[in-house]
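Because the structure is a prediction, the values reported are computed rather than measured. Convention: sequence-line order gives letters A, B, ...; per-chain numbering from 1.
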Number of protein chains: 2
Amino acid sequence: MRALNQEDLEERKRKVLQFVIHEYIRTSNPVGSNAISTVSSLGLSPATIRNVLSELEREECITHPHTSAGRIPTDKGYRRYVDSLVDLQRLAIQEQTRIQSEYETRIREIEDLLLQTSKILSSLSHYSGFVVAPKWERHIFSHMDLIPVSSHRFLCAMISESGLAKHFIITTRTELPRESLRKIVRMINESFHGFTLQEVKLQITSRLENLQEEWKDILSMAKEIGQEIRRFSDAENELYLEGAGNILSLPDFTNPHDFQNLFKMVEEKHILSELVGSDWDEVKTKPLAKGTPSKNKSRSRVKVRIGSENKNRALQNLSVISSTYQLSDKTVGVLGIIGPKRMEYSKMISLVDYVSRMMNHFLSEFDKDI
Amino acid sequence: MRALNQEDLEERKRKVLQFVIHEYIRTSNPVGSNAISTVSSLGLSPATIRNVLSELEREECITHPHTSAGRIPTDKGYRRYVDSLVDLQRLAIQEQTRIQSEYETRIREIEDLLLQTSKILSSLSHYSGFVVAPKWERHIFSHMDLIPVSSHRFLCAMISESGLAKHFIITTRTELPRESLRKIVRMINESFHGFTLQEVKLQITSRLENLQEEWKDILSMAKEIGQEIRRFSDAENELYLEGAGNILSLPDFTNPHDFQNLFKMVEEKHILSELVGSDWDEVKTKPLAKGTPSKNKSRSRVKVRIGSENKNRALQNLSVISSTYQLSDKTVGVLGIIGPKRMEYSKMISLVDYVSRMMNHFLSEFDKDI
DNA sequence: TATTAGCACTCATTAGTTTAGAGTGCTAAT
DNA sequence: ATTAGCACTCTAAACTAATGAGTGCTAATA
C-alpha cells in the first residue's frame, strides 16, 4: 500500500466532512463512523473513519451530542462546507421555469414585485423568504406634490426619477392657504430636482430657513412641512417576509424558546431589516462554480450566514442566505431566505442567486418603462 | 336544617361554577371538591360539593381531563359564566389613568391612533390586542386627485369627508395628457361629491361609460382609471395586531399545533379580519352591571366569543373579546383582545369597553378637527 | 331529606430499574 | 497506515412500583 502524503489526508478529511454534512442534512440524525464506512464510497473501515472524525472534531468542525451518538456539524463545519465543499450548481431548469411562471401574475408596482418575490423565495425553498424594499434614500428626487385633505392636513407625494413613489399624510399646526402651498411646492420642486432623496432629507429644513427674506409670511409653515417630510424619510425600510411558519414545522425546532424568538422576529420585522443592513456595505461575493458560468455577466453576490454568525439572537439556530439587488446600477435592497442551519446550501444558494437576477431583470424593465 | 327549595339549589350550583372558574383561572389547575369545600365559604363538605359538581358535569358546564383530576370549565361553562356570573366592574382608576397616559404620545393620524390602541390593548391585557381599521366604504367621498408619477402611472388620492385618506398608485395602458387628466378628475369630483365611497366604487365604471358623447377621445383612459379605483376600493380592511407573542408564553399553550395556527393567523391577518366581520351586523350588547352606569350614555357593545364559538380554527382554544367603534355616528370598525379561554373576563371586558369608548372619543375629535 | 363520613377504585405522575444498541476510543495485530 | 477486537459510555425505551389526588357510591346521620 502506497504511502499517503499530507494532501491525500486533507482530501479524505474534506470528503468525510462533506459526507457527514450531506447525510445529516438528509436525515437530521447524527452520523456514525459505521454509516460513513458502509454508505460512502471511500472504502475505509469504520475504525479509520473514526480517526478522521476525531481529527475533524479537534478542528471544531463537528461534535457529538453525547458519547454514544454520531457526529453533527458545528457552525464552523458548515462554514467550511459552504466556503469550499459545497458543489454550486445552476438551478434546475424545471425550477427556473417554475419561478418564471410564478412571476407571470400581473405585477403593476414595485411593491407587487417585492411581495411576489418574497413569496417565490418562500415557496421554492420551503423556508422563509424575505425582501427588504429599495432603500429610499438612494433614489433621485424628481418631484413632489401636496394635496389638501383638510385645513391642517395634506397628502404629500414624493416621486423619484426611477418612478418610486412614497406618500404620507402630514399635519401642520398652522393653516395653509392654497396659494402659499403652491409656492412652497414649486420651490421644493425647483431646488431639489436632481438631488438624491437623502440630500433632500438632510437639507430640506435648512434650505427652507434660508429663504427668509422673500418668504417671511409662510416661513413657519414651510418649516413645518420640511420637518414632516424629514420625519417620513427617516422611516425604516419596509420588509416583506413570507413563510415564517414553514420554519416552525421543521424537525429541528422543538425548543419553545426558539418559537418565541421567531415570533418576535415576525412581529417586529425591523429586527431583520437591521440585520441585513450590513449587506449594503460589505459584500462578499461568492462566484458560482467554474464550468457553469452564469448567463448574466454580473457576479453573484450571495452571502451566507450560519447560526452564530448572525448577530441577532432570534437567528442563532438559523441560517440566512441573502443577495442584493440593483436599480439603475445602484444596490438598493436585499433579499434572501431564512432556514435551518441544516439545509441544502447548494440548492438554496442557487435559488437566491437566480431570484436576485430575476429581480434585477424586472427592476430594469420598470426603469425603462419610465 | 331547613329544606332547600329549587332556587337555593340553583344558587348553590351557580356559586360552585363560579368558584371553579375563578380558581381555574387563577391557578390553571383542575379544581377538586376538596379545594372548593375548604377554600370557598359555602360551608359544605367535599361529598356535597361532589354531588353539585357531577350535576354541573351532566349539564356540560365542566369536565375532568381524567378520572383522578379535578374539574375544568367547558366552553359552555365559560359562556354561562360570562352571561350571568361574571361581576362586571368599571375599570380600576389606576388602569384608566394608565390608558390615558399611553394615549398621550403624539397621535397625528387615524393610523397612529389605531396602532396605539392595539398596543394599549395588548400591553394592558398582557394578551394580544387588535384593531380593524375603519371600513372605507362607509365614508362619504369628498374629493380625489391624480398626481403623475410617470407617463403611465399616477398617484391617486381619495379623501373622505371625515378626513380619511386613501392613496395608491394606478397604472394605465394608454398615455394621459395633463389636460385630459384634469378633466377626468374634475368630472369625478363633481359627480360623486356627497356619495358614499361604496357608491363611488360601484358606480364609477358605469358613470364614466355614460359620458360617451362628449368624452369620446378620453373615454378609454377614464375607464381604465375607473377600473383601477374600483380595484383598490376592494382591498380588505387593514388590521392592527399586537402582542401575539404574549399568547405563546402562556402555560395554556403547549401543543405545537396551536403554535402553528397562531403563526398562520399573524402572517395572514385577513383571517382575523374576516372573523370579526360579523360584528358589524349582529351586535349583541352586554350592558355593564347595574349600579355602575358608565359616564358616557352610549351602551357598551362588548362581545365575547369563547373557544369553539369562534368559527376560525386558529381560535378554537382562544377567546376573543371585541367591541365596535364609531365615526360620525356610524360603526366603522372593531377592536378587542385575543387571549386564552382561561382569562379574567371581568377585567378584560371592562378593558375593551373602556378602550373602545376612548377610541370613540378620539375619533370624534378627529372629526371635529376637519 | 339533605348532608356527610367512609371506602374502594381509577388513573396520572414520578421515580427507579433494566435492557438493548449505537457509537466511541484505545490497543494490538496486520 | 489500516483495521479487527473489545471494553466502555451513554441514550432511549420499556417495564415496574409507589404515591396521591380525586372520584363515585353507599350507608350512616342530623
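What separates CD1 of Ile49(B) from C1' of dA5(C) is a distance of 15 Å, to the nearest Å. Residue Leu44(A) contributes atom CG, which lies 11 Å from atom C1' of dA1(D) at whole-angstrom precision. Summarising the geometry, the separation between CD1 on Ile62(B) and C1' on dG22(D) is reported as 13 Å, rounded to the nearest angstrom. Spacing between atom CG of Leu53(B) and atom C1' of dG22(D) amounts to 11 Å, rounded to whole angstrom units. One can place CD of Glu55(A) at 16 Å from P of dT24(C), the figure rounded to the nearest angstrom. Atom CD in Glu23(B) sits roughly 16 Å away from atom C1' in dG22(D) (whole-Å rounding). Atoms CD1 (Ile72(A)) and P (dT11(D)) sit 14 Å apart, rounded to a whole Å. The distance from atom CG of Leu42(B) to atom P of dT4(C) is 11 Å, rounded to the nearest whole Å.
Between Lys264(B) and Glu267(B), none of the side-chain N atoms (NZ, or NE/NH1/NH2) sits under 4.0 Å from a carboxylate O, so this pair counts as no salt bridge.
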For nucleotides 26-30 of chain D, which of its nitrogen or oxygen atoms have a protein nitrogen or oxygen under 3.5 Å away, and what is each distance?
none

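Within a 6.0 Å radius of NZ in Lys13(B), other residues, nucleotides and ligands contribute more than 12 heavy atoms. No more than 12 heavy-atom neighbours from other residues, nucleotides or ligands sit within 6.0 angstrom of CD on Glu344(A).
His22(A) and Tyr81(A) have perpendicular rings, their planes meeting at more than 60° on a 0 to 90° scale where under 30° would count as parallel.
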Counting primed atoms, P, OP1 and OP2 as sugar-phosphate and everything else as base, the B/S/- map of nucleotides 6-23 of chain C against protein heavy atoms under 4.0 Å is B---BBS--------BBS
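Put simply, the side chain of Asn310(A) gets close to the backbone of Leu318(A): a donor and an acceptor are under 3.5 Å apart. Using modelled atom types, no side-chain atom of Arg305(A) and backbone atom of Ser319(A) make a donor-acceptor pair closer than 3.5 Å. Looking at Thr38(A), its side chain does come within 3.5 Å of a backbone N or O of Asn34(A) through a donor-acceptor pair.
Using Watson-Crick or G-U wobble geometry with both donor-acceptor distances under 3.5 Å, dA29(C) finds its partner in dT2(D).
Counting only heavy atoms from C-beta outward, the side chains of Lys341(A) and Asp75(A) approach each other to under 4.5 Å. Using a 4.5 Å cut-off on side-chain heavy atoms (C-beta onward), Leu9(A) and Glu55(A) make no contact.
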